[in-house]
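Working notes, beginning with the structure itself.
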Amino acid sequence: MAKTKSIFYCQNCGTQSAQWIGKCPNCNQWNTFVEEVIHRDDDKVSTENIPLKKGHDTPTLIREINIQSLDRIDTSNQELNRVLGGGLVPGSLILVGGEPGIGKSTLMLQLALNIRNRKVLYVSGEESEQQIKMRADRVGIINENCYILTETVTKNIFRHIRQLVPDLVIIDSIQTLTTEIIDSSAGSISQIRECAAEMQRFSKASDVPVFLVGHITKDGTLAGPKILEHMVDTVLQFEGDRHYGYRLLRSVKNRFGSTSELGIYEMQGDGLREISDPSEIMISQSGENLSGVAIGSTMEGLRPMLIETQALVSTAAYGTPQRSSTGFDLRRLSMLLAVLEKRGGFRFGNKDVFLNIAGGIKIDDPSLDLAVVIALLSSSEDIPVNQKHCFAAEVGLSGEIRPVNRIEQRISEAEKLGFTEIYLSPFNQKNLPSIPYNIRIVEVKKLEDIFSLLFG
Ligand code: TYD
Ligand code: MG
């Protein structure tokens, strides 16, 4: 018999309650509870709509389970393969989140068009077939095996899946799907949850990997429930500054790989281009030595990356000096300025200070501290720093130069890119393997030492 019941859901975090409450006990947001009517026809819960592979309805002995089927699928997209932990696992459910306009649909369409010898079904609830074709023309790749479906009702999607038998399904986006067993509108918590659950049942039972595209709210969390993150195997976050072309694909959760991997793309007129050597784009290769520029070493995931920090220190035109920072934590900048004042005797009290990380990316790796300090001093003293020197160390409150992790990788990267000197903490030297490097390693213990080395 059909049961109808209504539940109140917090639209922010997905907490449910039998009655309306003003403040969510879980996420402490006010007025987020909305009533959703759930009409569940238990007799025909949609599993029967979902195409299942034979033999999945009985328990199996663990020693008889064949992991051959776990062979990863090559997506023909090296950055995506890397973030997924070495390729796509059959039967996995992957959520791709990101702000509107960041390029989720483009990434997914490029995947659908690039993948070799697999039949792909791209389900779009957001764009028409023509719009998708236009985008595909822009990207300029033709795949004989890519099918487009504009549909939002899960039952119909499964009907098409049964007819088509695709090897990969992409849903753009989960917020547009609706299932008939729930009455609330598309995008509501209960719809998102139920549709994702149906997709999960489908992917597990049929071994077909499914990508779900999900929107992100203004505060950067995935729209709708956290629950979605628990259901899926992998959560990928696509992010970047919309005014710059660079896009980072991070793995936030991965049941089949490491979460510290990172994929880097550049959005171009003809789609996303994979960037396999990130340092090259983050350093402006003018060849000139300019004051206020220092190159720091940072890790993005497991990949070392050299990045340009630019600083401008000038006399404040108005009473209160300005502090502005793009891509670097402003509080950390203030701390470094205070350390410079106290330990180095530099006066920034009446100076405007601007800091910029090249390429429009955000860095929260403390190993960039030393490069920031050097860029600030270089600008303040108007003495350029040799662009063949780079810096990898954290700066402590008493002006000591502190060690950073994965130093060998950082040194190798700097060496590979033709840097001649790298400045680091002597405590890092201790753990270094004794292989000779083709780059001079300069140890500095305190800020004072480096001032005299660089600025005389
Ligand atoms: P889109 O994939 O629609 O973003 P999302 O699905 O995350 O909302 O990307 C849209 C943006 O990408 C849009 O601003 C236009 C830009 N774009 C390019 O710069 N080059 C391209 O080849 C394509 C297809 C899009
Ligand atoms: Mg889109």
Side-chain angles (χ1 to χ4, degrees), residues 75-80 83-84 93-115 120-143 146-154 157 168-178 186-187 191-192 195-196 199 210-224 228-229 232 234-252 262-276 281 359-362:
T75 61
S76 303
N77 186 323
Q78 294 321 315
E79 298 294 296
L80 185 61
V83 177
L84 290 173
L93 185 65
I94 300 146
L95 178 67
V96 181
E99 282 175 30
I102 205 77
K104 302 180 294 295
S105 305
T106 311
L107 180 72
M108 288 296 111
L109 188 64
Q110 271 182 270
L111 165 69
L113 294 174
N114 266 321
I115 198 163
V120 185
L121 179 65
Y122 183 104
V123 184
S124 178
E126 303 201 330
E127 290 164 304
S128 69
E129 287 169 5
Q130 285 78 11
Q131 283 171 316
I132 298 170
K133 181 72 170 60
M134 273 163 60
R135 191 195 291 265
D137 286 343
R138 251 181 113 171
V139 175
I141 318 159
I142 313 290
N143 182 346
C146 176
Y147 294 83
I148 306 291
L149 174 67
T150 48
E151 176 61 74
T152 55
V153 180
T154 51
I157 295 175
L168 170 66
V169 176
I170 296 169
I171 308 281
D172 188 2
S173 65
I174 182 75
Q175 275 92 356
T176 58
L177 288 194
T178 51
Q191 279 289 3
I192 293 179
C195 294
M199 288 299 157
V210 177
F211 277 92
L212 303 175
V213 172
H215 295 285
I216 256 178
T217 53
K218 267 179 272 148
D219 58 353
T221 51
L222 270 166
L228 205 51
E229 293 192 13
V232 301
T234 304
V235 181
L236 303 182
Q237 192 138 326
F238 206 35
E239 56 187 44
D241 192 324
R242 231 189 296 177
H243 304 290
Y244 289 90
Y246 306 118
R247 301 282 184 271
L248 305 180
L249 186 66
R250 277 179 210 283
S251 129
V252 183
L262 179 89
I264 305 178
Y265 295 90
E266 185 178 6
M267 180 64 97
Q268 292 185 327
D270 54 355
L272 290 160
R273 181 176 72 94
E274 295 173 39
I275 293 190
S276 42
I281 53 163
I361 66 168
K362 290 191 182 63

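Whatever order the structure lists ligands and atoms in, that order sets their numbers, starting from 1. Reckoned from all heavy atoms, side chains included, excluding hydrogens, waters and symmetry mates.
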For this session: Return yes or no for this condition: an N or O of Glu127 is under 3.5 Å from an N or O of ligand 1.
Result: no
For this session: Under 4.0 Å, heavy atoms only, figure out whether ligand 1 is touched by the backbone of Val139, its side chain, both or neither.
Result: neither
Exercise. Purely on distance, is any nitrogen or oxygen of Met267 under 3.5 Å from one on ligand 1?
Worked result: no
Exercise. Just which atoms of ligand 1 are under 4.0 Å from any heavy atom in Glu99?
Worked result: 7 (O)
Exercise. Between Thr106 and Phe238, is a side chain to side chain contact (heavy atoms under 4.5 Å, CB included) present by the stated rule, with each step listed?
Worked result: CA-CA 11 Å; Thr106 311; Phe238 206 35; over 6 Å; no
Exercise. At their closest point, which heavy atom of Ile102 faces which heavy atom of Gly240, and how far apart are they?
Worked result: CD1-O, 3.4 Å
Exercise. Counting only heavy atoms, which portion of Pro100 has something under 4.0 Å from ligand 1: side chain, backbone, both, or neither?
Worked result: backbone
Exercise. Can you name the residues that form a side-chain contact (heavy atoms from CB on, under 4.5 Å) with Asn143, not counting sequence neighbours?
Worked result: Leu113, Ile115, Asn145, Cys146
Seminar exercise, completed: Partner of Leu249 under side chain to side chain contact (heavy atoms under 4.5 Å, CB included), picked from Leu236, Leu262, Leu84, is Leu236
Problem set entry | From Gln131, Met134, Arg138 - option closest to atom 15 (C) of ligand 1 by heavy atom | Arg138
Problem set entry | Atoms in ligand 1 with a heavy atom of Gln268 nearer than 4.0 Å | 18 (C), 19 (O), 20 (N), 21 (C), 22 (O)
Problem set entry | Minimum heavy-atom distance Gln268-Arg273, with the two atoms named | NE2-NE, 3.4 Å
Exercise. Could you state the interatomic distance from OG1 (Thr150) to CD1 (Ile132), rounded to the nearest 0.5 Å?
Worked result: 7.0 Å
Exercise. Which protein atoms of type N, O or S are found under 2.8 Å from the Mg ion (ligand 2)?
Worked result: Ser105 OG
Problem set entry | For the student: nearest non-hydrogen atoms of Gln131 and Glu126, plus distance | OE1-O, 4.4 Å
Exercise. Quick one: which ligand 1 atoms are inside 4.0 Å of a heavy atom on Gly103?
Worked result: 1 (P), 2 (O), 4 (O), 5 (P), 7 (O), 9 (O)
Seminar exercise, completed: Within 4.0 Å of some non-hydrogen atom of Asp270, the atoms of ligand 1 are 22 (O)
Exercise. So which bit of Arg135 gets within less than 4.0 Å of ligand 1, heavy atoms only: side chain, backbone, both or neither?
Worked result: side chain
Problem set entry | Charged N-O contact under 4.0 Å between Lys362 and Glu239 | no
